[in-house]
Amino acid sequence: MTSADVTVALNSVVDTRATPYTNQGLVPQSASAVNAHLNTVTGTRQAGNPLETGPTRTWQAAHHFNGDIRLNAHVIGGGTAVTVTAGAQSASAAAGSNGAKDNAGVINATAAASPAAGTIARVTYATAYGAIPKVVLTARNAAAAAVGLYVTSESVAGFSVATAIVPGAGAALSFAYHVMG
């Protein structure tokens, strides 16, 4: 059967065979062709069908979930690194040693020799978001906590981080960010 759109819902699939196999019963013709929800799959099945489980799944397009998502492991961001540039109130800014990607990262900045309150870093996403995402900041050292870091200039392309209080000359400011689109 060929169809432009297929909906598969409210199914339970249990595979008790010892040998994993690939089910080719539902083969989407495009990334948006299948709407699979409220299905339960258990057993030794492999990735080869959108309803199956396996050790690794790579999605090539956006997927929409209309219910809770439960993860029993870590969320690990990937992709290309963001571009970090120093703001007017910093001598330098760069990604931390553990990296900075579109969804999360660490930024280390050094305040200018004669700083004022204002922008210390600009983060430009490797891939622009479709709408302006939400950005959450967390200070990673006392100097960053003391200057009242906040997000400014949010856009689909990136965001800036500024200080509400003047940092000390040359102060090392470290913060982590998390982005949700």
Exercise. For Tyr150, which residues count as a ring pair (Phe, Tyr, Trp, His ring centres under 6.0 Å) partner, sequence neighbours excluded?
Worked result: none

For this session: Return the set of residues passing side-chain contact (heavy atoms from CB on, under 4.5 Å) with Ala139 (not counting sequence neighbours), or none when no residue passes.
Result: Ala144, Ala145

Exercise. Roughly how far, to the nearest 0.5 Å, is the OH atom of Tyr177 from the CG atom of Leu149?
Worked result: 14.5 Å

Exercise. What is the minimum heavy-atom distance between Ala126 and Ala81, and which atoms define it?
Worked result: CB-O, 3.6 Å

Exercise. Yes or no on side-chain contact (heavy atoms from CB on, under 4.5 Å) for Val106 and Phe175, after CA distance, side-chain angles and deciding distance?
Worked result: CA-CA 6 Å; Val106 171; Phe175 63 90; over 6 Å; no

Exercise. Can you name the nearest heavy-atom pair linking Pro115 to Pro167, along with the distance?
Worked result: CG-O, 3.1 Å

For this session: Check whether any side-chain heavy atom of Val147 lies under 4.5 Å from a side-chain heavy atom of Leu173, and answer yes or no.
Result: yes

Seminar exercise, completed: Value for OG1 (Thr85) from CD1 (Ile120), rounded to nearest 0.5 Å, stands at 11.5 Å

For this session: Please check if the side chain of Lys134 supplies one atom and the backbone of Met180 the other of a donor-acceptor pair under 3.5 Å.
Result: no

Exercise. Do Ser174 and Asn108 get their side chains close enough for a donor-acceptor pair, meaning under 3.5 Å?
Worked result: yes

Problem set entry | Distance, nearest 0.5 Å, that separates CZ of Arg122 from CD1 of Ile107 | 12.0 Å

Exercise. Do Val156 and Tyr125 touch side chain to side chain, with heavy atoms closer than 4.5 Å?
Worked result: no

Problem set entry | Donor-acceptor pair, side chain of Asn141 and main chain of Ala172, under 3.5 angstrom | yes

Exercise. Quick check: does any side chain N or O of Ser155 sit under 3.5 Å from a backbone N or O of Ala157, one acting as donor and the other as acceptor?
Worked result: yes

Problem set entry | Asp102 side chain vs Thr127 backbone, donor-acceptor pair below 3.5 Å | yes

Seminar exercise, completed: Hits for side-chain contact (heavy atoms from CB on, under 4.5 Å) against Val151, two or more places apart or cross-chain, chain-then-number order -> Val135, Leu137, Glu154, Phe159

Problem set entry | Where Gly181 and Pro133 come nearest, the two heavy atoms and their spacing | CA-CB, 3.6 Å

Exercise. Does Ala116 offer a backbone N or O that forms a donor-acceptor pair with the side chain of Gln89 under 3.5 Å?
Worked result: yes

Exercise. Given Thr110 and Ser92, is the side-chain contact (heavy atoms from CB on, under 4.5 Å) satisfied, shown in steps?
Worked result: CA-CA 5 Å; Thr110 302; Ser92 66; 3.5 Å; yes

Exercise. In terms of hydrophobic clusters joined by side-chain contacts under 4.5 Å, are Val166 and Val161 together?
Worked result: no

Problem set entry | Nearest atoms (heavy-atom pairs only) where Ala146 meets Ile165 | O-CD1, 3.4 Å

